[in-house]
Amino acid sequence: MFGFSPVEGAGSVTKQLCGYLREKIESGTLSPGLQLPPTRRAAQELGIARNIVIEVYEQLTAEGYMTSKAGSGTYIARGIEVRSQATSYSPSLLVSASPVIPVAHNTKLIDFDAGTPDLSRFPRRLWSKYVREITDSEPANVFTYGDVQGTPALREAIADYLHRVKGIRCSTDQIVITSGISEGFLLLASAFSDRFRTVYVEEPTIGFVADIFRKIKYDINPIEVDHQGMNISRIERSAPSGLIVLTPSHQYPTGSILSIQRRQQAVTLAETAGHYIIEDDYNSEFRHKGGPVPPLQLLAPSRVIYAGTFSKTLSPALRIGFLIVPQNLIELVVRTKTELNLTTSGITQSALARFIMEGHFNRHIHKMRAIYKRKRLFLADQCRRIFGECVEVVGDEAGMHVQLAFRQDLYGPIDWHGLEVFGVRLYAFDDYAMLKGHHPGKVVLGYGNLTEEEISEGLRRIRQYTEAWKRGY
């Protein structure tokens, strides 16, 4: 698109594209009133992240090079004087005169992905043993589509585990097995679509949640999150009834815990205003300080739909999640699942049921909790050593990620996507936010699938990048 091609080592793609478009507009190559392609299409054509295109459009709109019309699109602004001799676009103009040396092409990318557990610890031998035994000896119906609600053995194993570990009392008839937590949200969005048209989501939060509900034409209402979780009081009592999506035990990405006051507030609001709460408990097993946080579901079993997953505790490749649905809603959810023909591998379900019932899941959680605690302590220590007072490690001591809050006066406007040139991938809070620009200097670092050596090297590269950025800013 527009003939743009980023140059490696010449600064972030965002800065390069901004400079390129400024030059094309000022030279008259892009004429006033020209409609620009939508951000999604532009990103596909350029082969870059859509967030980068959005950021560029917003930046140039703020500078007056573009105008945005609601429901219409983005256009080249009018009234810009065309320069007679445009300065040729040069990526070198966007960076400091100090040399910035990106990592070599063959250097391994260090990905601080917050959603992947330590895959090297997956119990391969034991898992393959179960799968082999099931395929060799189980009845032929294990190879069919199976029970749309999930195999009875796995539902029984989950019910027993949740009662022992989290205090949740439910019957196996209330449990619905899904192919991952995202399918669970898709199922709930579809099941309630005739009843509700509104969903209240944490701001910021993981992107697929809003994407799923938006796809089914819900009105998305982002509600601010602070150190006590979602600010429930921002949901007016007169607001339309709908679904409230919460991660109360370890909010993503802030790491905060929903306080008991706000939990009670959420339950009262749901009961009086007709809402249902979806509790996304994606990794509360990994709490590194103090005891486990009780599920919100315990406060209101008839108003809370509890969603769990094995993607963080074992492996995302299993594609197994589950829902605990109140008795008065289970028929609706199962009927919707049947209509959508959503089923999960019977072989994987049977293997997981044995893994849980024979005690291996408990032992795996215990082992991984110690490993993740050690990694978190190491990461926090390395941050203090490498960045000193320039960064704060924020969030409850749990899970597989931390929030890094860099000093806003030094790093607020930094473009974190440019880090990939230095061999590091991470995500800024704005990547998870519907309302952009409210979280300067805040990033998410996942450490679950990284070694201590990779964590240390990744932080060193981040330091190298931030110093280069400061010199060129």
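Just so you know, residue 1 is the first one in the sequence shown, and it goes up from there. Basis for what follows: all heavy atoms, side chains included, without hydrogens, waters or symmetry-related copies. Keep in mind that what you see is a predicted model, and the values were worked out from it rather than measured.
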| Derivation and outcome, side chain to side chain contact (heavy atoms under 4.5 Å, CB included), residues L426 and L404 | CA-CA 11 Å; L426 55 71; L404 291 192; over 6 Å; no
| query | Does the distance from a Lys or Arg side-chain N to an Asp or Glu carboxylate O, for K436 and E58, drop under 4.0 Å? | reply | no
| request: Using a cut-off of 6.0 Å, state whether more than 12 heavy atoms not belonging to K215 lie near its atom NZ. | output: no
| said: With a 3.5 Å distance limit and no angle check, can you tell me whether Y432 reaches the backbone of P253 through a side-chain donor-acceptor pair? | reply: no
| Heavy-atom side-chain proximity of F112 to V424 below 4.5 angstrom | yes
| E285 bridged to K166 by N-O distance under 4.0 Å | yes
| said: Does this structure show an ion pair linking D111 with R425, if we count only N-O contacts that are shorter than 4.0 Å? | reply: yes
| field | Point-to-point distance, once rounded to the nearest 0.5 Å, from OH of Y161 to CG of L154 | value | 13.0 Å
| query | Charged N to carboxylate O below 4.0 Å: is that the case for K108 and E454? | reply | yes
| query | Under the side chain to side chain contact (heavy atoms under 4.5 Å, CB included) criterion, do I244 and L269 qualify, and how do the steps go? | reply | CA-CA 10 Å; I244 304 174; L269 179 65; 4.2 Å; yes
| ring pair (Phe, Tyr, Trp, His ring centres under 6.0 Å) with H401: which of Y427, Y447, Y252? | Y252
| Check: V245 and V199 side chains under 4.5 Å, non-hydrogen atoms | yes
| field | Residue pair I365 / V165, side-chain heavy-atom distance below 4.5 Å | value | no
| Do D430 and N51 have side chains that get closer than 4.5 Å, going by heavy atoms? | no
| Do R385 and D381 sit within salt-bridge range, that is, some charged N less than 4.0 Å from a carboxylate O? | no
| message | Within the 4.5 Å heavy-atom criterion, are F355 and P123 side-chain neighbours or not? | response | yes
| request: Verify side chain to side chain donor-acceptor pair (under 3.5 Å) between D415 and S12, making sure each step is shown before the conclusion. | output: CA-CA 7 Å; D415 174 22; S12 71; 2.8 Å; yes
| note | Partner of I177 under side chain to side chain contact (heavy atoms under 4.5 Å, CB included), picked from Q149, K337, Q349, is Q349
| message | Looking at F143, I'd like to know if its CZ atom is crowded, meaning that more than 12 non-hydrogen atoms belonging to other residues, nucleotides or ligands lie closer than 6.0 Å. | response | yes
| H275 backbone acceptor or donor facing R303 side chain under 3.5 Å | yes
| Whether over 12 other heavy atoms sit under 6.0 Å from E397 CD | yes
| task | Just do the side chain to side chain contact (heavy atoms under 4.5 Å, CB included) check on F429 and T254 with the steps written out, would you? | result | CA-CA 9 Å; F429 266 42; T254 65; 3.8 Å; yes
| field | Parallel, tilted or perpendicular: rings of F406 and W416 (30°, 60°) | value | tilted
| said: Around atom CZ of R40, are there more than 12 heavy atoms from other residues, nucleotides or ligands closer than 6.0 Å? | reply: no
| Quick one: CZ on F213 to CZ on F208, what's the gap to the nearest 0.5 Å? | 9.5 Å
| field | Atom pair CG/CD1 of L352 and I320 - distance to nearest 0.5 Å | value | 5.0 Å
| Can you tell me how far the OH atom of Y306 sits from the CD1 atom of I277, to the nearest 0.5 Å? | 14.5 Å
| So Y282 and S311, side chain to side chain contact (heavy atoms under 4.5 Å, CB included) or not? Walk me through it. | CA-CA 8 Å; Y282 65 99; S311 293; over 6 Å; no
| request: Report the C-alpha distance between T39 and R50 in whole Å, list the side-chain angles of each, state the deciding distance to 0.1 Å, and finish with yes or no for side chain to side chain donor-acceptor pair (under 3.5 Å). | output: CA-CA 6 Å; T39 56; R50 185 187 177 203; 3.0 Å; yes
| Got more than 12 heavy atoms from elsewhere within 6.0 Å of CZ, R164? | yes
| field | D431 side, atom CG; H439 side, atom NE2 - distance, nearest 0.5 Å | value | 11.0 Å
| said: When you measure from the side chain of Q297 to the backbone of A307, do you find a donor-acceptor pair of N or O atoms at a distance under 3.5 Å? | reply: no
| said: Would the distance check show the side chain of S137 and the main-chain N or O of I134 forming a donor-acceptor pair, the cut-off being under 3.5 Å? | reply: no
| message | Using 0.5 Å steps for rounding, measure from the OH atom of Y130 to the NE2 atom of H360. | response | 3.5 Å
| query | Is NZ or CZ of R369 both nearer than 6.0 Å to the six-membered ring centre of F286 and within 45° of the ring axis? | reply | no
| If we only count heavy atoms from C-beta on, is the F387 to I462 side-chain gap below 4.5 Å? | yes
| said: Can you confirm whether more than 12 heavy atoms, excluding those of R363, are under 6.0 Å from its CZ atom? | reply: yes
| query | Is there a side-chain contact between L188 and V333, using heavy atoms and a 4.5 Å cut-off? | reply | yes
| field | Residue among D147, D160, T172 satisfying side-chain hydrogen bond (donor to acceptor under 3.5 Å, both in side chains) with R155 | value | D147
| Side-chain heavy atoms of D113 within contact of N449, under 4.5 Å | no
| said: I need the single residue from Q228, H227, Q265 that forms a side-chain hydrogen bond (donor to acceptor under 3.5 Å, both in side chains) with S259. Which is it? | reply: Q228
